[in-house]
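Down below is the structure, laid out as structure tokens.
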Amino acid sequence: MSLVETRPLAAAASVRGSLSLFRSELGLTFRRARTITLLAILAGLPVLIGLVIKWQTDESGGGGGGPAFIAQVTQNGLFLVFTSLAVTLPIFLPMTVGVVAGDSIAGEAASGTLRYLLVAPAGRTRLLLVKFAAGMTFCLAATLAVALSALATGAALFPLGEVTLLSGDTVGPGTALLRAVLIALVVAASLAGLVAIGLFVSTLTGSGIAAMATTVVLVITVQILDTFPQLHAIQPYLFTHHWLSFGDLLRQPIHWDNVLQNLGLQAVYVAVFGSAAWARFTSRDITA
């Protein structure tokens with residue numbers, strides 16, 4: 001068999017190996033008790049939010065007071081999806097993603113399984129790509145856990161119908177549901193920069209706990225820095241700054257500028273910290 005003929009076979013084998021490793025990584029990630037617990041907590045938050053809003057409106061005799069978003073939720077349960085994502089995105093979602101991303105490489109090193117994962121040729125680059133893909137899959141799963149729980153809770157506690165958008169326009173339930181799906185995808189993609197940062201931090205240490213704690217503390221620190229008016233010059237470049245831009249998807253017509261700016265910034269963070277993780281990991285001496 002000639003060299004030209006063997007190249008497609010080698011490429012196909014490499015793709016199959018990568019897909020097999022990815023499936024194995026997903027199984028390992030989502031079978032962990034920690035991951036299941038984190039997803040359960042995220043799914044429970046919309047239930048808690050919905051019950052609090054329901055209790056508050058019942059106490060006040062059907063609404064009329066409180067923040068505007070409470071009135072939106074009580075008028076239409078679909079709005080609980082948007083409210084829950086807005087509440088969980090600044091703190092709860094990034095903390096759970098930080099735990100998973102921070103543990104991605106360091107956890108393998110701490111358990112002594114990292115060296116065995118690198119047996120295959122070009123194992124380090126492929127493993128990093130698989131870890132990042134698994135991290136993004138978890139971002140999507142975490143976001144959907146919030147969105148689906150909020151949708152079920154909203155339907156159970158409040159009426160469903162036409163949704164009044166932030167621009168004042170009214171759309172039907174089907175259109176609003178499509179907006180909710182789009183928002184969930186954007187929220188998940190907004191966490192891509194954090195996944196890359198967590199992956200980089202995870203290559204710097206052999207302690208999973210240290211990597212997870214560092215990533216979570218970093219998220220909290222950046223969130224705090226984003227609140228100081230004195231730092232307004234650098235705030236647009238913080239990976240958390242445009243996270244709530246998904247609110248522009250609740251306008252008619254949709255305002256894409258801030259959303260695309262957010263996704264572009266996440267791509268920059270993925271490129272920078274992904275490259276840093278690759279440079280560190282491919283030159284690292286793996287002894288365990």
Side-chain angles (χ1 to χ4, degrees), residues 22 25 29 38 42 82 84-105 125 128-147 179-204 211-212 214-227 231-251 254-281:
F22 177 63
E25 181 64 25
T29 299
L38 290 174
L42 288 174
F82 314 131
S84 297
L85 289 173
V87 171
T88 56
L89 181 55
I91 299 177
F92 299 104
L93 274 173
M95 286 183 66
T96 57
V97 170
V99 168
V100 172
D103 189 54
S104 55
I105 298 295
T125 299
L128 274 179
L129 292 174
V130 166
K131 291 288 187 180
F132 178 78
M136 290 306 303
T137 303
F138 177 79
C139 290
L140 182 59
T143 304
L144 289 178
V146 174
R179 295 284 183 103
V181 172
L182 180 59
I183 286 174
L185 293 176
V186 169
V187 169
S190 298
L191 298 168
L194 176 59
V195 173
I197 292 172
L199 192 61
F200 170 64
V201 172
S202 193
T203 63
L204 300 177
M212 289 186 288
T214 300
T215 306
V216 171
V217 169
L218 179 61
V219 173
I220 296 173
T221 301
V222 173
Q223 294 272 41
I224 293 173
L225 293 177
D226 205 16
T227 64
L231 300 177
H232 68 277
I234 66 170
Q235 286 170 349
Y237 304 102
L238 301 177
F239 65 92
T240 63
H241 186 71
H242 301 286
W243 273 355
L244 295 180
S245 62
F246 73 81
D248 288 342
L249 299 175
L250 292 175
R251 302 183 186 276
I254 293 176
H255 295 178
W256 288 103
D257 291 349
N258 290 331
V259 175
L260 294 178
Q261 188 174 3
N262 172 41
L263 297 180
L265 184 63
Q266 301 306 318
V268 170
Y269 272 86
V270 169
V272 172
F273 284 94
S275 299
W278 178 84
R280 165 62 180 168
F281 191 53

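All heavy atoms count here, side chains included; hydrogens, waters and symmetry mates do not.
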Checklist outcome for this item: For Tyr269 and Tyr237, the nearest pair of non-hydrogen atoms, with its separation, is OH-O, 2.6 Å
Next on the checklist: Please check if the number of heavy atoms outside Met95 that lie under 6.0 Å from its CE is greater than 12.
Outcome noted: no
Checklist entry - Should Thr215 and Leu194 count as side-chain neighbours, where that means a heavy-atom distance under 4.5 Å? => result yes
Checklist entry - Roughly how far apart are Leu182 CG and Ile254 CD1, rounded to 0.5 Å? => result 6.0 Å
Item to check | Donor-acceptor under 3.5 Å (Thr143 side chain, Cys139 main chain) | outcome: yes
Next on the checklist: Just verifying a value: how many Å separate Thr29 OG1 and Asp103 CG, rounded to the nearest 0.5 Å?
Outcome noted: 9.0 Å
Checklist outcome for this item: Between Ala196 and Gly274, the two heavy atoms sitting closest are CB-N, 4.2 Å
Next on the checklist: If the condition is side-chain hydrogen bond (donor to acceptor under 3.5 Å, both in side chains), which residues does Gln235 pass it with, not counting sequence neighbours?
Outcome noted: none
Next on the checklist: Asp248: which residues meet the side-chain hydrogen bond (donor to acceptor under 3.5 Å, both in side chains) condition with it, sequence neighbours left out?
Outcome noted: Arg251, Asn258
Item to check | Atom of Pro94, atom of Thr88 and distance for their closest heavy-atom approach | outcome: CD-O, 3.8 Å
Next on the checklist: Going by the rule side-chain hydrogen bond (donor to acceptor under 3.5 Å, both in side chains), which residues pair with Asn262 if we only count those two or more places apart in sequence or in a different chain?
Outcome noted: Ser190, Gln266
Checklist entry - Mind checking what makes side-chain hydrogen bond (donor to acceptor under 3.5 Å, both in side chains) contact with His241, not counting sequence neighbours? => result Asp226
Next on the checklist: Give me the atom names and distance for the closest heavy-atom approach of Val195 to Met136.
Outcome noted: CG2-SD, 3.9 Å
Next on the checklist: Nearest 0.5 Å, please: how far is CZ in Phe246 from CD1 in Ile183?
Outcome noted: 6.0 Å
Item to check | Atom of Val99, atom of Met212 and distance for their closest heavy-atom approach | outcome: O-CG, 3.1 Å
Checklist entry - Considering residues at least two apart in sequence or located in another chain, which fulfil the side chain to side chain contact (heavy atoms under 4.5 Å, CB included) criterion with Ile220? => result Val216, Ile224
Next on the checklist: Test your reading of the model: is there a side-chain donor-acceptor pair from Ser104 to the backbone of Ala101, 3.5 Å cut-off?
Outcome noted: yes
Checklist entry - In Å and rounded to the nearest 0.5 Å, what is the CZ to CZ distance from Phe22 to Phe132? => result 11.0 Å
Checklist entry - Looking at CG of Leu199 and CD1 of Ile105, how far apart are the two atoms once the value is rounded to the nearest 0.5 Å? => result 5.5 Å
Next on the checklist: Which residues pass the side chain to side chain contact (heavy atoms under 4.5 Å, CB included) test with Ala142, not counting sequence neighbours?
Outcome noted: Leu39, Leu42, Leu93, Phe138
Checklist entry - What distance separates Leu231 CG from Leu238 CG, expressed to the nearest 0.5 Å? => result 8.0 Å
Checklist entry - Parallel, tilted or perpendicular: which describes the rings of Phe239 and Trp243, with under 30° parallel and over 60° perpendicular? => result perpendicular
Checklist entry - side-chain contact (heavy atoms from CB on, under 4.5 Å) between Val87 and Val146: does it pass, once the steps are laid out? => result CA-CA 10 Å; Val87 171; Val146 174; over 6 Å; no
